[in-house]
Amino acid sequence: MRRTKVAELLRMDPNDQELVVMGWVRAFRNNRFIALNDGSSISNIQLVIDPELTSEEQLRRVTVGASVRASGRLVASSGSGQRVELEVAGWEILGDCDASAYPLQPKKHSLEFLRQIAHLRFRTNTFSAISRIRHSLAFAIHAFFHQRGFYYLNAPIITGSDAEGAGEMFQVTTLDLDRVPRTENGNVNYEKDFFGRRTHLTVSGQLEAELAATALGQVYTFGPTFRAENSNTPRHLAEFWMIEPEVAFADLNDNMDLAEDLLKSIIRTVMEQCQEDLDFLGRREAEEDKQKPMAERSEFPLEERLRFCLEHPFERLSYSEAIDILRNSSPNKKGKFQYPVDRWGVDLQSEHERYLVEKHFRKPVILTDYPKEIKAFYMRQNEDGRTVAAMDILFPGIGEIVGGSQREERYDVLLQRMQEMHIPVDEMYWYLDTRRFGTCPHAGFGLGFERLALFITGMTNVRDVIPFPRFPGNAEF
RNA sequence: GCCUCCUUAGCUCAGUUGGUUAGAGCGUCGGACUGUUAAUCCGCAGGUCCUUGGUUCGAGCCCAAGAGGGGGCGCCA
């Protein structure tokens with residue numbers, strides 16, 4: 001018989017239909033009430049069984065985590081915690097769950113503990129809510145681009161280029177590491193490797209996206225990205241997901257408009273589609289905050305933060321303007337910054353970005369026109385000769401969530417910059433070809449999916465918003 | 001990679017100046033319960049005090065090294 005999902009049952013009115021529900025026990029009270037969850041909703045359906053008609057043996061098998069099939073009628077609940085409940089006529093345990101061995105019990109568990117049992121943490125309210133939100137986020141992103149006429153581009157995950165410059169790379173090889181083939185002069189002979197050359201996992205689909213954008217007009221990638229950096233922070237993963245739109249005939253302003261529209265559109269969609277899950281995560285955060293000292297608490301509740309973000313334009317200012325603000329800021333004058341802001345040209349540290357976003361403007365900030373020395377080779381040089389048309393979007397509590405730029409479309413300027421920055425020009429002939437043949441102004445950015453998920457769920461560690469986090473020293477599950 | 005804090009029951013944590021038999025709450029297990037909402041009530045059990053070495057008459061507590069985890073910083077999304 002077809003099962004009705006819990007989410008659907010909870011929306012239905014009482015009726016005489018015989019319904020079947022399947023799920024996992026979350027709580028069993030008074031030998032009579034089973035709170036059943038099937039992942040379709042943060043809420044449980046209450047099953048009401050008659051203990052008089054049930055053997056002790058059967059009752060004993062109803063433990064937290066056990067899977068159950070039950071049939072019966074949906075009736076109005078006489079309890080106060082729910083509108084409807086299932087008056088059970090027949091039920092069976094599909095899978096027993098030994099409560100003395102099962103790590104999850106009806107009590108609060110720490111996120112650190114749940115991280116160690118990531119294979120089971122989907123079964124908690126917090127992770128099921130995050131999982132549903134993550135799904136809605138992904139769909140909202142595809143919908144946004146689709147509606148605007150972008151094409152979804154599958155950039156390669158294995159790349160032969162080691163010049164992307166976005167960080168340390170994982171090498172991909174089928175060579176026997178115990179018996180590596182050598183050339184005559186003793187180097188590793190990559191001609192014997194699977195692809196006949198040295199290959200890595202991608203650190204960015206941007207360069208490939210540029211190839212597609214300069215023919216298809218508007219494209220975006222949405223795929224996994226790999227960085228072999230030894231990063232140990234709540235904002236970094238070795239394997240994460242990134243969205244990288246690339247648009248032909250677009251400048252830096254178009255790029256900022258697109259990014260801001262995208263972020264707001266996603267937030268709006270998720271607030272509509274995941275109301276219940278957001279409510280739950282908001283309450284969860286509020287409770288966590290009670291345990292924290294005042295200074296570490298969130299200033300506003302989760303949903304208020306999201307709404308605030310929708311209702312106000314992001315603050316846009318240049319790097320130079322930011323430097324002026326930071327120079328004259330009281331923490332800088334009082335020597336509170338670990339890295340004092342003393343001159344134009346210094347790279348901004350986390351503490352500076354946080355001051356701008358969390359103290360000075362108190363909303364998302366887009367910083368533009370950075371010194372060329374601290375940015376990548378492909379960013380378009382401005383007329384002033386010392387800055388590039390870059391933009392970073394900084395979010396409260398998370399820092400950089402978007403990094404992008406208008407790309408250098410002038411062949412000679414790009415070539416010269418690549419040579420200055422020791423980018424192997426020969427290997428990158430294919431990238432330069434876009435500038436040789438019908439070049440055009442274009443722009444794009446990268447949006448970190450997990451960082452976005454952090455902002456929307458109110459979680460504080462990216463390891464908690466991806467199902468199976470990969471980071472230095474850990475690739476479990 | 002650097003700095004810093006933590007590691008005591010299944011989980012979250014107390015543990016006095018180094019002193020005899022290491023505690024609590026929750027959970028588990030056993031019992032009670034026909035309207036409960038992480039139900040409630042009664043009771044029992046549960047420990048390699050992260051590991052190794054050292055100091056000491058005596059170490060959960062002091063010292064050293066190692067392992068694991070959190071936070072900050074860097075790299076960045």
Side-chain angles (χ1 to χ4, degrees), chain A residues 25-35 37 43-54 56 59-60 63-65 75 77-82 85 87 97-117 124-125 165-168 203-206 224-244 259 287 291 296 337-339 347-354 374-376 392-395 398-404 445-455 460-463 466 471-474:
Chain A
V25 175
R26 283 295 180 80
F28 185 37
R29 293 181 284 265
N30 223 342
N31 274 356
R32 191 175 180 81
F33 304 103
I34 299 174
N37 189 281
S43 304
N44 306 321
I45 184 78
Q46 175 155 284
L47 308 183
V48 185
I49 60 171
D50 189 340
E52 304 269 299
L53 303 176
T54 316
E56 295 246 333
L59 288 177
R60 254 199 297 277
T63 57
V64 174
V75 299
S77 176
S78 52
S80 56
Q82 56 282 313
E85 63 194 14
E87 191 179 80
C97 185
D98 179 357
S100 60
Y102 188 53
L104 296 172
Q105 292 303 333
K107 56 161 293 182
K108 196 172 156 36
H109 294 292
S110 68
L111 294 171
E112 290 82 4
F113 173 65
L114 293 173
R115 236 170 261 158
Q116 288 163 25
I117 51 166
T124 64
N125 286 331
E168 292 297 310
V203 293
S204 164
Q206 180 201 315
T225 307
F226 307 87
R227 305 262 167 102
E229 241 107 52
N230 190 10
S231 297
N232 292 288
T233 85
R235 297 179 306 283
H236 291 85
L237 292 166
E239 177 183 295
F240 64 100
W241 290 68
M242 190 157 64
I243 297 97
E244 295 179 289
E287 264 174 46
Q291 316 294 323
E296 288 171 32
F337 284 142
Q338 195 189 337
Y339 299 90
D347 207 349
L348 297 182
Q349 307 292 319
S350 303
E351 58 179 350
H352 306 139
E353 296 179 349
R354 292 181 69 152
I374 59 175
K375 287 293 182 182
D392 283 358
I393 303 186
L394 311 175
F395 263 39
I398 290 141
E400 187 178 344
I401 195 167
V402 163
F445 60 85
L447 166 64
F449 190 56
E450 282 74 23
R451 288 189 182 175
L452 174 66
L454 273 192
F455 179 71
T460 53
N461 192 320
V462 279
R463 295 173 187 180
I466 190 167
F471 50 94
N474 190 297

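Throughout, protein chains are lettered first and strands after them, A, B, ... in sequence-line order, and every chain is numbered starting at 1. Here the structure is a predicted model, which means the values were calculated and not measured.
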On a plain distance test, is the side chain of [X] in donor-acceptor contact with the base of [N] below 3.5 Å?
X      : N      : value
A:S100 : B:rC29 : no
A:E85  : B:rG35 : yes
A:R235 : B:rC73 : no

Using the [atom1] atom as the point on both nucleotides, what is the distance between [M] and [N], in whole Å?
N      : M      : atom1 : answer
B:rG31 : B:rG71 : C1'   : 45 Å
B:rU55 : B:rC61 : P     : 15 Å
B:rG60 : B:rC49 : P     : 8 Å
B:rU52 : B:rC13 : C1'   : 26 Å
B:rU21 : B:rC5  : C1'   : 33 Å
B:rG70 : B:rU8  : P     : 14 Å
B:rA38 : B:rC26 : C1'   : 10 Å
B:rC50 : B:rG43 : P     : 31 Å

Within this structure, what is the [atom1]-[atom2] distance for the pair [X] and [Y], rounded to the nearest 0.5 Å?
X      : Y      : atom1 : atom2 : result
A:K108 : A:E287 : NZ    : CD    : 7.5 Å
A:D392 : A:I401 : CG    : CD1   : 12.0 Å
A:M242 : A:F449 : CE    : CZ    : 13.0 Å

Does [X] reach a base, just sugar-phosphate, or nothing at all? Heavy atoms under 4.0 Å.
X      : value
A:G79  : base
A:Q338 : nothing
A:E450 : nothing
A:V462 : nothing
A:E351 : nothing
A:I243 : nothing
A:I401 : sugar-phosphate

Rounded distance (Å) that lies between atom [atom2] of [N] and atom [atom1] of [X]:
X      : N      : atom1 : atom2 : result
A:R32  : B:rU40 : CZ    : P     : 19 Å
A:F445 : B:rC76 : CZ    : P     : 19 Å
A:E239 : B:rA77 : CD    : P     : 17 Å
A:R115 : B:rU7  : CZ    : P     : 18 Å
A:E56  : B:rC29 : CD    : C1'   : 15 Å
A:L348 : B:rG74 : CG    : C1'   : 14 Å
A:R26  : B:rG27 : CZ    : P     : 17 Å
A:N232 : B:rG69 : CG    : P     : 9 Å

Any idea which heavy atoms bring A:L59 and A:P51 closest together, and the distance?
CD1-CB, 4.4 Å
Please find the pair of heavy atoms, one from A:C97 and one from A:V64, that lie closest to each other, and give the distance.
SG-O, 3.3 Å
What is the per-nucleotide protein-contact pattern of nucleotides 8-13 of chain B, from the 5' end, where B denotes a base atom under 4.0 Å from a protein heavy atom, S denotes such proximity for sugar-phosphate atoms only, and - denotes neither?
--BBS-
Nearest-nucleotide pick for [X], side chain only, options being [options]:
X      : options                : value
A:R463 : B:rG72, B:rU37, B:rG70 : B:rG70
A:Q105 : B:rA77, B:rU28, B:rC75 : B:rU28
A:R29  : B:rA38, B:rA77, B:rC73 : B:rA38
A:N461 : B:rU37, B:rG71, B:rG74 : B:rG71

Between A:S77 and A:A99, which is nearer to the 5' end of RNA chain B once each is assigned its nearest nucleotide?
A:A99
Want to settle it: does A:N474 or A:I393 sit nearer the 5' end of RNA chain B, counting the closest nucleotide to each?
A:N474
Side-chain heavy-atom pair [X], [Y] within 4.5 angstrom cut-off:
X      : Y      : result
A:Q46  : A:R29  : yes
A:R32  : A:V48  : yes
A:N232 : A:P472 : yes
A:R26  : A:N125 : yes
A:E351 : A:Q338 : yes
A:I466 : A:W241 : yes

Do the numbers put A:R463 on top of the ring of A:F471, so that NZ or CZ is under 6.0 Å from the six-membered ring centre and no more than 45° off the axis?
yes
Output field: ring centroids A:H352/A:F337 closer than 6.0 Å:
yes
Less than 4.0 angstrom between a side-chain N/O of [X] and OP1 or OP2 of [N], yes or no?
X      : N      : result
A:N31  : B:rU36 : no
A:R451 : B:rA77 : no
A:N30  : B:rU36 : no

How would RNA chain B look in dot-bracket form, 5' to 3', counting Watson-Crick and G-U wobble pairs with both distances under 3.5 Å and writing | for bases paired to another strand?
(((((((..((((.....[...))))..((((.......))))......(((((..]....))))))))))))....
Does the ring of A:F33 lie flat against the base of B:rA39, closer than 5.5 Å centre to centre with planes under 30°?
no
